[in-house]
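Data first, discussion second: the structure below is written as C-alpha coordinates.
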2 protein chains.
Amino acid sequence: MPYKEREIEKKYYSIGEVAQMFKVAPSLIRYWEGEFDIINPKKDRKGNRRYTKPDIQKIKYIYHLVKEKGYTLQGAQEVIKSGKEAGIDKVEAVQKLQEIKDFLISIRDQYNSKSES
Amino acid sequence: MPYKEREIEKKYYSIGEVAQMFKVAPSLIRYWEGEFDIINPKKDRKGNRRYTKPDIQKIKYIYHLVKEKGYTLQGAQEVIKSGKEAGIDKVEAVQKLQEIKDFLISIRDQYNSKSES
DNA sequence: TTTTACCGTGCCATACAAAGAACGAGAAAT
DNA sequence: ATTTCTCGTTCTTTGTATGGCACGGTAAAA
(Lines give C-alpha, C1' and ligand atoms only; values in the text may rest on other atoms or scores of the structure.)
Protein backbone atom coordinates (compact mmCIF):
# COMPACT_ATOMS: atom_id res chain seq x y z
CA MET A 1 0.00 0.00 0.00
CA PRO A 2 1.41 3.29 -1.10
CA TYR A 3 1.22 6.56 0.64
CA LYS A 4 -1.24 6.48 3.38
CA GLU A 5 -1.94 9.28 5.80
CA ARG A 6 -0.56 8.18 9.11
CA GLU A 7 -2.37 9.24 12.20
CA ILE A 8 0.35 10.48 14.47
CA GLU A 9 -1.80 13.18 15.90
CA LYS A 10 -5.21 14.16 14.97
CA LYS A 11 -5.58 17.34 13.10
CA TYR A 12 -9.29 17.69 13.52
CA TYR A 13 -11.78 16.59 16.07
CA SER A 14 -15.49 16.03 15.72
CA ILE A 15 -18.04 17.60 17.96
CA GLY A 16 -18.63 14.30 19.65
CA GLU A 17 -14.99 13.97 20.53
CA VAL A 18 -14.80 17.49 21.83
CA ALA A 19 -17.92 17.02 23.90
CA GLN A 20 -16.43 13.90 25.34
CA MET A 21 -13.27 15.73 26.34
CA PHE A 22 -15.28 17.97 28.58
CA LYS A 23 -17.89 15.42 29.51
CA VAL A 24 -20.68 17.54 28.18
CA ALA A 25 -23.35 17.04 25.57
CA PRO A 26 -22.61 17.94 21.96
CA SER A 27 -25.60 20.22 22.04
CA LEU A 28 -23.87 22.28 24.67
CA ILE A 29 -20.86 22.75 22.44
CA ARG A 30 -23.14 23.96 19.72
CA TYR A 31 -24.96 26.16 22.16
CA TRP A 32 -21.75 27.81 23.26
CA GLU A 33 -20.83 28.32 19.67
CA GLY A 34 -23.89 30.53 19.38
CA GLU A 35 -23.04 32.41 22.54
CA PHE A 36 -19.32 32.98 22.10
CA ASP A 37 -17.88 34.60 19.04
CA ILE A 38 -14.49 33.10 19.63
CA ILE A 39 -15.73 29.63 18.88
CA ASN A 40 -15.68 29.21 15.17
CA PRO A 41 -14.85 25.73 14.00
CA LYS A 42 -14.49 25.14 10.32
CA LYS A 43 -16.93 22.90 8.64
CA ASP A 44 -16.39 20.33 5.98
CA ARG A 45 -18.38 20.01 2.84
CA LYS A 46 -21.06 18.13 4.58
CA GLY A 47 -21.36 20.74 7.28
CA ASN A 48 -19.76 18.85 10.12
CA ARG A 49 -17.68 20.87 12.52
CA ARG A 50 -13.97 20.25 12.53
CA TYR A 51 -12.21 21.41 15.63
CA THR A 52 -8.54 22.22 15.66
CA LYS A 53 -6.47 22.32 18.82
CA PRO A 54 -6.73 26.10 19.12
CA ASP A 55 -10.48 25.73 18.84
CA ILE A 56 -10.43 23.30 21.67
CA GLN A 57 -8.25 25.58 23.74
CA LYS A 58 -10.83 28.29 23.44
CA ILE A 59 -13.56 25.97 24.51
CA LYS A 60 -11.41 24.93 27.38
CA TYR A 61 -11.09 28.53 28.45
CA ILE A 62 -14.80 29.02 28.37
CA TYR A 63 -15.29 25.83 30.26
CA HIS A 64 -12.89 27.09 32.86
CA LEU A 65 -14.65 30.38 33.31
CA VAL A 66 -18.16 29.00 33.36
CA LYS A 67 -17.83 25.64 35.01
CA GLU A 68 -14.91 26.15 37.32
CA LYS A 69 -14.85 29.80 38.19
CA GLY A 70 -18.58 30.26 38.24
CA TYR A 71 -19.14 32.98 35.72
CA THR A 72 -22.41 33.38 33.94
CA LEU A 73 -22.12 33.07 30.19
CA GLN A 74 -22.41 36.80 29.92
CA GLY A 75 -19.86 37.34 32.61
CA ALA A 76 -17.49 35.01 30.82
CA GLN A 77 -18.03 36.89 27.59
CA GLU A 78 -17.02 40.10 29.26
CA VAL A 79 -13.96 38.56 30.75
CA ILE A 80 -12.93 37.31 27.34
CA LYS A 81 -13.61 40.60 25.68
CA SER A 82 -11.69 42.70 28.12
CA GLY A 83 -8.86 40.24 27.83
CA LYS A 84 -8.34 40.40 31.51
CA GLU A 85 -9.49 38.12 34.24
CA ALA A 86 -7.27 38.82 37.15
CA GLY A 87 -5.81 41.99 38.46
CA ILE A 88 -8.92 44.03 38.29
CA ASP A 89 -9.28 44.01 42.01
CA LYS A 90 -5.98 45.76 42.37
CA VAL A 91 -7.19 48.50 40.12
CA GLU A 92 -10.17 48.92 42.32
CA ALA A 93 -8.02 49.13 45.40
CA VAL A 94 -5.99 51.86 43.78
CA GLN A 95 -9.14 53.69 42.80
CA LYS A 96 -10.30 53.51 46.36
CA LEU A 97 -7.05 54.97 47.56
CA GLN A 98 -7.35 57.78 45.09
CA GLU A 99 -10.83 58.42 46.32
CA ILE A 100 -9.64 58.67 49.88
CA LYS A 101 -6.77 60.89 48.87
CA ASP A 102 -9.19 63.28 47.24
CA PHE A 103 -11.23 63.23 50.38
CA LEU A 104 -8.23 64.09 52.49
CA ILE A 105 -7.31 66.89 50.15
CA SER A 106 -10.76 68.31 50.54
CA ILE A 107 -10.38 68.24 54.28
CA ARG A 108 -7.05 69.99 54.08
CA ASP A 109 -8.46 72.64 51.84
CA GLN A 110 -11.33 73.20 54.17
CA TYR A 111 -8.92 73.64 57.05
CA ASN A 112 -6.78 76.05 55.13
CA SER A 113 -9.66 78.23 54.11
CA LYS A 114 -10.94 78.46 57.66
CA SER A 115 -7.65 79.41 59.25
CA GLU A 116 -6.91 81.92 56.54
CA SER A 117 -10.16 83.78 56.84
CA MET B 1 -27.29 70.51 76.55
CA PRO B 2 -25.09 67.90 78.05
CA TYR B 3 -23.79 64.93 76.32
CA LYS B 4 -25.96 64.23 73.39
CA GLU B 5 -25.19 61.65 70.81
CA ARG B 6 -24.32 63.52 67.74
CA GLU B 7 -25.53 62.05 64.52
CA ILE B 8 -22.41 62.46 62.55
CA GLU B 9 -23.01 59.22 60.83
CA LYS B 10 -25.54 56.55 61.28
CA LYS B 11 -24.49 53.54 63.17
CA TYR B 12 -27.15 51.23 61.90
CA TYR B 13 -29.15 51.01 58.74
CA SER B 14 -32.43 49.27 58.09
CA ILE B 15 -32.92 46.79 55.33
CA GLY B 16 -34.93 49.34 53.41
CA GLU B 17 -32.09 51.80 53.50
CA VAL B 18 -29.58 49.22 52.43
CA ALA B 19 -31.79 48.05 49.60
CA GLN B 20 -32.11 51.61 48.46
CA MET B 21 -28.36 52.07 48.41
CA PHE B 22 -28.04 49.35 45.84
CA LYS B 23 -31.32 50.01 44.13
CA VAL B 24 -32.58 46.54 44.77
CA ALA B 25 -35.58 45.09 46.54
CA PRO B 26 -35.33 44.41 50.25
CA SER B 27 -36.29 40.84 49.52
CA LEU B 28 -33.11 40.47 47.54
CA ILE B 29 -31.02 41.57 50.48
CA ARG B 30 -32.75 38.97 52.59
CA TYR B 31 -32.24 36.38 49.91
CA TRP B 32 -28.55 37.05 49.76
CA GLU B 33 -28.40 36.75 53.50
CA GLY B 34 -29.54 33.18 53.09
CA GLU B 35 -27.01 32.51 50.36
CA PHE B 36 -23.93 34.17 51.76
CA ASP B 37 -22.62 33.35 55.18
CA ILE B 38 -20.70 36.58 55.40
CA ILE B 39 -23.90 38.57 55.63
CA ASN B 40 -24.98 38.48 59.20
CA PRO B 41 -26.66 41.63 60.37
CA LYS B 42 -27.62 41.89 63.97
CA LYS B 43 -31.23 42.12 64.84
CA ASP B 44 -32.92 44.26 67.40
CA ARG B 45 -35.44 43.10 69.92
CA LYS B 46 -38.19 43.27 67.43
CA GLY B 47 -36.25 41.20 64.95
CA ASN B 48 -35.43 43.93 62.50
CA ARG B 49 -32.07 43.75 60.81
CA ARG B 50 -29.55 46.40 61.71
CA TYR B 51 -26.74 46.83 59.26
CA THR B 52 -23.42 48.29 60.22
CA LYS B 53 -21.01 49.75 57.72
CA PRO B 54 -18.94 46.60 57.54
CA ASP B 55 -22.12 44.70 56.83
CA ILE B 56 -22.85 47.03 54.00
CA GLN B 57 -19.34 46.69 52.68
CA LYS B 58 -19.80 42.98 52.43
CA ILE B 59 -23.03 43.40 50.57
CA LYS B 60 -21.29 45.81 48.29
CA TYR B 61 -18.68 43.22 47.52
CA ILE B 62 -21.29 40.65 46.68
CA TYR B 63 -23.08 43.17 44.55
CA HIS B 64 -19.84 43.84 42.75
CA LEU B 65 -19.16 40.21 42.05
CA VAL B 66 -22.65 39.32 40.98
CA LYS B 67 -23.91 42.42 39.25
CA GLU B 68 -20.76 43.89 37.84
CA LYS B 69 -18.36 41.05 37.28
CA GLY B 70 -20.96 38.54 36.23
CA TYR B 71 -20.48 35.76 38.71
CA THR B 72 -23.23 33.38 39.59
CA LEU B 73 -24.13 33.42 43.25
CA GLN B 74 -22.28 30.20 43.70
CA GLY B 75 -19.28 31.50 41.84
CA ALA B 76 -19.26 34.56 44.02
CA GLN B 77 -19.40 32.40 47.10
CA GLU B 78 -16.32 30.54 45.97
CA VAL B 79 -14.47 33.72 45.21
CA ILE B 80 -15.23 34.97 48.66
CA LYS B 81 -14.20 31.74 50.25
CA SER B 82 -10.97 31.34 48.36
CA GLY B 83 -10.12 34.96 48.91
CA LYS B 84 -10.27 34.44 52.61
CA GLU B 85 -8.01 31.49 52.75
CA ALA B 86 -5.50 33.40 50.67
CA GLY B 87 -4.73 35.41 53.76
CA ILE B 88 -4.70 38.86 52.32
CA ASP B 89 -8.24 39.49 51.41
CA LYS B 90 -8.73 42.33 49.05
CA VAL B 91 -12.14 43.02 50.43
CA GLU B 92 -10.81 43.32 53.87
CA ALA B 93 -8.11 45.59 52.61
CA VAL B 94 -10.68 47.85 51.09
CA GLN B 95 -12.78 47.62 54.22
CA LYS B 96 -9.76 48.58 56.23
CA LEU B 97 -9.31 51.61 54.07
CA GLN B 98 -12.90 52.49 54.62
CA GLU B 99 -12.40 52.18 58.34
CA ILE B 100 -9.49 54.55 58.13
CA LYS B 101 -11.64 56.96 56.23
CA ASP B 102 -14.28 56.75 58.93
CA PHE B 103 -11.63 57.44 61.50
CA LEU B 104 -10.52 60.49 59.60
CA ILE B 105 -14.08 61.67 59.42
CA SER B 106 -14.30 61.45 63.17
CA ILE B 107 -11.15 63.55 63.45
CA ARG B 108 -12.60 66.14 61.15
CA ASP B 109 -15.81 66.30 63.13
CA GLN B 110 -13.93 66.69 66.32
CA TYR B 111 -12.12 69.62 64.81
CA ASN B 112 -15.34 71.16 63.65
CA SER B 113 -16.99 70.88 67.06
CA LYS B 114 -14.04 72.63 68.69
CA SER B 115 -14.08 75.57 66.39
CA GLU B 116 -17.84 75.86 66.67
CA SER B 117 -18.01 75.86 70.45
C1' DT C 1 -56.39 55.67 69.36
C1' DT C 2 -55.89 55.55 64.66
C1' DT C 3 -52.91 56.08 61.01
C1' DT C 4 -48.68 55.62 58.66
C1' DA C 5 -44.76 53.29 57.55
C1' DC C 6 -41.64 49.96 58.13
C1' DC C 7 -40.16 45.31 58.87
C1' DG C 8 -40.74 40.23 59.85
C1' DT C 9 -41.50 35.34 57.78
C1' DG C 10 -43.17 32.33 54.41
C1' DC C 11 -44.71 31.14 50.15
C1' DC C 12 -45.47 31.70 45.27
C1' DA C 13 -44.66 33.82 40.56
C1' DT C 14 -41.90 35.52 37.17
C1' DA C 15 -37.92 36.16 33.94
C1' DC C 16 -34.36 34.72 31.84
C1' DA C 17 -30.28 31.77 31.44
C1' DA C 18 -28.65 27.38 30.48
C1' DA C 19 -29.05 23.03 28.89
C1' DG C 20 -31.06 19.11 26.87
C1' DA C 21 -34.36 16.49 23.84
C1' DA C 22 -36.70 15.37 19.68
C1' DC C 23 -37.16 15.58 14.84
C1' DG C 24 -35.89 14.04 10.12
C1' DA C 25 -32.03 13.51 7.27
C1' DG C 26 -27.49 12.39 5.36
C1' DA C 27 -22.73 10.58 5.25
C1' DA C 28 -19.63 7.00 6.45
C1' DA C 29 -18.02 3.06 8.59
C1' DT C 30 -18.87 -1.95 9.50
C1' DA D 1 -28.14 -2.43 5.18
C1' DT D 2 -27.60 -1.57 9.73
C1' DT D 3 -25.40 1.13 12.88
C1' DT D 4 -23.24 5.27 14.31
C1' DC D 5 -22.29 9.86 14.16
C1' DT D 6 -23.40 14.18 12.72
C1' DC D 7 -26.33 18.05 11.05
C1' DG D 8 -29.83 22.32 11.83
C1' DT D 9 -33.96 23.68 13.86
C1' DT D 10 -37.15 23.90 17.20
C1' DC D 11 -39.24 22.75 21.35
C1' DT D 12 -39.09 21.72 26.19
C1' DT D 13 -37.10 21.37 30.50
C1' DT D 14 -34.48 22.75 34.40
C1' DG D 15 -32.49 26.04 37.40
C1' DT D 16 -31.13 30.45 39.09
C1' DA D 17 -32.09 34.78 40.56
C1' DT D 18 -35.26 37.93 41.77
C1' DG D 19 -39.64 40.05 42.74
C1' DG D 20 -43.95 40.28 44.96
C1' DC D 21 -47.60 39.13 47.89
C1' DA D 22 -50.26 37.99 52.25
C1' DC D 23 -50.57 38.63 56.87
C1' DG D 24 -49.09 40.08 61.15
C1' DG D 25 -46.37 42.94 64.38
C1' DT D 26 -44.23 47.23 66.29
C1' DA D 27 -43.31 52.01 66.80
C1' DA D 28 -43.90 56.66 66.32
C1' DA D 29 -46.59 60.35 64.68
C1' DA D 30 -51.04 62.63 64.35
Side-chain angles (χ1 to χ4, degrees), chain A residues 1 4-5 7 10-52 55-56 59 61-81, chain B residues 5 7 10-52 55-56 59-80:
Chain A
M1 78 199 193
K4 172 101 195 211
E5 302 275 329
E7 253 190 62
K10 258 189 193 166
K11 200 142 188 151
Y12 295 108
Y13 297 82
S14 71
I15 193 172
E17 287 171 318
V18 173
Q20 195 45 40
M21 288 178 198
F22 299 98
K23 309 265 201 281
V24 299
S27 64
L28 179 58
I29 301 296
R30 289 198 209 101
Y31 175 63
W32 280 359
E33 183 178 323
E35 296 295 313
F36 294 91
D37 295 342
I38 60 167
I39 305 185
N40 250 323
K42 300 203 167 136
K43 298 190 179 182
D44 61 15
R45 223 149 274 109
K46 188 190 152 197
N48 287 11
R49 292 166 179 78
R50 330 207 83 205
Y51 295 89
T52 62
D55 288 333
I56 293 167
I59 293 171
Y61 185 45
I62 292 167
Y63 184 91
H64 171 66
L65 292 176
V66 172
K67 298 294 189 183
E68 290 168 0
K69 295 204 81 176
Y71 279 96
T72 62
L73 295 195
Q74 192 187 277
Q77 281 166 19
E78 280 157 19
V79 169
I80 291 169
K81 243 185 194 168
Chain B
E5 298 280 331
E7 239 191 80
K10 260 191 193 162
K11 195 147 187 156
Y12 294 109
Y13 296 83
S14 71
I15 194 172
E17 288 170 318
V18 173
Q20 195 45 41
M21 288 179 199
F22 297 99
K23 310 263 199 281
V24 299
S27 63
L28 179 58
I29 300 296
R30 290 196 207 100
Y31 176 65
W32 280 359
E33 183 177 323
E35 297 294 313
F36 295 90
D37 294 342
I38 59 167
I39 305 184
N40 248 324
K42 297 195 171 142
K43 298 191 179 181
D44 61 14
R45 230 172 301 111
K46 189 189 152 194
N48 288 10
R49 292 165 178 78
R50 330 222 80 195
Y51 297 88
T52 62
D55 287 333
I56 293 166
I59 293 171
K60 189 174 188 174
Y61 185 46
I62 292 168
Y63 183 92
H64 171 67
L65 291 175
V66 173
K67 299 292 193 183
E68 291 167 0
K69 294 199 84 174
Y71 278 97
T72 63
L73 295 194
Q74 193 187 281
Q77 282 167 19
E78 279 156 20
V79 169
I80 292 168

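Throughout, protein chains are lettered first and strands after them, A, B, ... in sequence-line order, and every chain is numbered starting at 1.
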What donor-acceptor contacts under 3.5 angstrom involve side-chain atoms of residues 34-42 of chain B, with partners at least two apart or in another chain?
unit_1  : atom_1 : unit_2  : atom_2 : d
B/Asn40 : ND2    : B/Asp37 : O      : 3.3

Applying side-chain hydrogen bond (donor to acceptor under 3.5 Å, both in side chains) to B/Ser27 and not counting sequence neighbours gives none
When rounded to the nearest 0.5 Å, the distance separating CD of A/Gln77 from OH of A/Tyr71 is 13.0 Å
Under 3.5 Å, which donor-acceptor pairs link side chains of residues 43-50 of chain A to any protein atom two or more places apart or in another chain?
unit_1  : atom_1 : unit_2  : atom_2 : d
A/Asp44 : OD1    : A/Lys46 : N      : 3.0
A/Asp44 : OD1    : A/Gly47 : N      : 2.8
A/Asp44 : OD1    : A/Asn48 : N      : 2.8
A/Arg49 : NE     : A/Glu33 : OE1    : 2.7

Is the shortest side-chain heavy-atom distance between A/Tyr61 and A/Val79 below 4.5 Å? yes
Span of DNA chain C engaged by chain B, first through last nucleotide within the 4.0 Å heavy-atom cut-off, is C/dC7 to C/dT9
With sugar-phosphate taken as primed atoms, P, OP1 and OP2 and all else as base, the protein-contact string of nucleotides 8-29 of chain D at under 4.0 Å (heavy atoms; B, S, -) is S--------BBBB----BB---
Contacts of B/Ser14 meeting side chain to side chain contact (heavy atoms under 4.5 Å, CB included) (sequence neighbours excluded), chain-then-number -> B/Glu17
Exactly one candidate in A/Leu73, A/Thr72, A/Ile80 meets side chain to side chain contact (heavy atoms under 4.5 Å, CB included) with A/Leu65; the answer is A/Ile80
